[in-house]
Amino acid sequence: MKTRRNFIRTIGLVSLIGPVQSCAEPKKESTDSPKNSTKPIIISTWDHGLDANKVGYEILAKGGSAIDAVEKGVIVVENDPSNQTVGIGGFPDRDGNVTLDACIMKGDGSCGSVAFLQEIKNPISVARKVMEETPHIMLVGSGALKFALEQGFKKENLLTEETKKDYEIWLTKSEYKPVINIENHDTISTLALDVNGRIAGACTTSGAAWKMHGRVGDSPLIGAGLFVDQEAGAAAATGLGEAVIRTAGSAMVVEAMRNGLSPYEACVEVVQRIKRKHDNLKDLQVGFLALDMNGNYGAYSIHPGFNIAIGDNNGHILVDAKSMY
Ligand code: SD4
């Protein structure tokens with residue numbers, strides 16, 4: 001089973017982008033940003049976030065908007081068939097269907113979302129259309145597909161040959177025991193602050209591998225997988241969606257920043273809240289990343305292995321998040 005992270009590690013990321021921490025041995029480097037952070041800035045989950053940030057930062061550096069940066073950034077990952085957790089090539093549910101969840105949000109509260117969407121490669125762009133072209137926030141399943149087709153999106157088979165083979169291997173045991181940091185993770189969530197001080201976020205995923213047909217996670221839920229507020233900042237989640245939904249995770253991270261915590265402290269606060277709600281954290285991974293209105297960022301997770309990509313005027317780096325264990 002190939003994950004995007006394994007792939008990047010194999011090709012020697014360090015030489016491509018500079019000072020990167022090893023993904024294999026998280027070093028618990030600080031993901032509390034230096035106090036002199038500046039805008040524009042873009043941050044994303046996991047190492048595929050580097051690809052997203054490069055495209056997003058180019059938009060920001062030219063004076064473009066945060067909402068364009070996050071949408072165009074995550075599309076890079078949705079379009080990558082070798083990435084088995086987002087867009088085309090994503091792991092299917094236990095019946096063999098690739099079903100996608102995504103949402104997008106601006107600091108002024110505008111937002112759009114799609115869930116349980118099939119056969120459309122770029123759910124994030126459909127979510128943006130929901131935000132911009134409808135009076136609603138969320139469309140799901142066949143309704144989301146109908147809307148996407150009306151908007152000119154094309155139907156595609158999202159189950160690649162490689163992912164189909166992995167599914168056939170999984171079928172031989174048919175056990176739902178997600179491997180943390182691998183099978184249940186790697187959603188791409190991206191947050192950006194543009195030169196004009198506008199903040200936005202995007203989150204897109206194929207969700208938990210081998211989930212029940214019809215299962216929707218945190219990623220398309222405004223407040224759970226993503227929350228953005230021009231008064232306080234932005235936050236997004238990765239990991240087991242059920243645990244994130246139970247705590248309204250991203251909204252709570254933003255609320256903690258509004259109440260004076262730094263992005264890093266706010267992520268720690270909500271991870272601790274998740275800990276208090278779950279007896280057994282052994283197989284439970286959740287990570288948050290957050291960005292405040294001054295361009296300071298932070299991240300924190302339950303287990304090691306979570307990392308975030310950061311793009312700003314110093315270049316592009318990947319850092320391991322500190323974790324509870
Ligand atoms: C979900 N949070 O559907 C998503 C899974 C994921 O990184 O990959 N998160 O539960």
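Everything quoted here is computed from the prediction, not taken from an experiment. Order of appearance sets the numbers: ligands from 1, and atoms from 1 within every ligand.
At least one heavy atom of D218 sits closer than 4.0 Å to an atom of ligand 1.
Against a heavy-atom cut-off of under 4.0 Å, S219 is close to the following atoms of ligand 1: 2 (N), 4 (C). Residue T238 has at least one heavy-atom neighbour below 4.0 Å for each of these atoms of ligand 1: 7 (O), 9 (N). Below 4.0 Å from some heavy atom of G207 lie the following atoms of ligand 1, by number and element: 3 (O).
Side-chain contact check for N53 and S44: at least one donor-acceptor pair (N or O, by modelled atom type) lies under 3.5 Å. In the model, T187 has a side-chain atom that pairs as donor or acceptor with a side-chain atom of T205 under 3.5 Å.
Atom 1 (C) of ligand 1 has its nearest heavy-atom neighbour, among R215, E242, Q285, in R215. Among G217, G239, A208, the residue whose heavy atom lies nearest to atom 4 (C) of ligand 1 is G239. Comparing A115, G241, A243, A237 by heavy-atom distance to atom 10 (O) of ligand 1, the nearest is G241.
Between F91 and W170, a ring centre-to-centre spacing not shorter than 6.0 Å is recorded.
Partners of D292 according to the salt bridge (Lys or Arg N to Asp or Glu O under 4.0 Å) rule, which considers only residues two or more places apart in sequence or in another chain, do not exist here. Taking the salt bridge (Lys or Arg N to Asp or Glu O under 4.0 Å) definition, one finds that E132 meets it with R128, sequence neighbours left out.
For D279, the CG atom is loosely surrounded, since the number of other residues' heavy atoms within 6.0 Å does not exceed 12.
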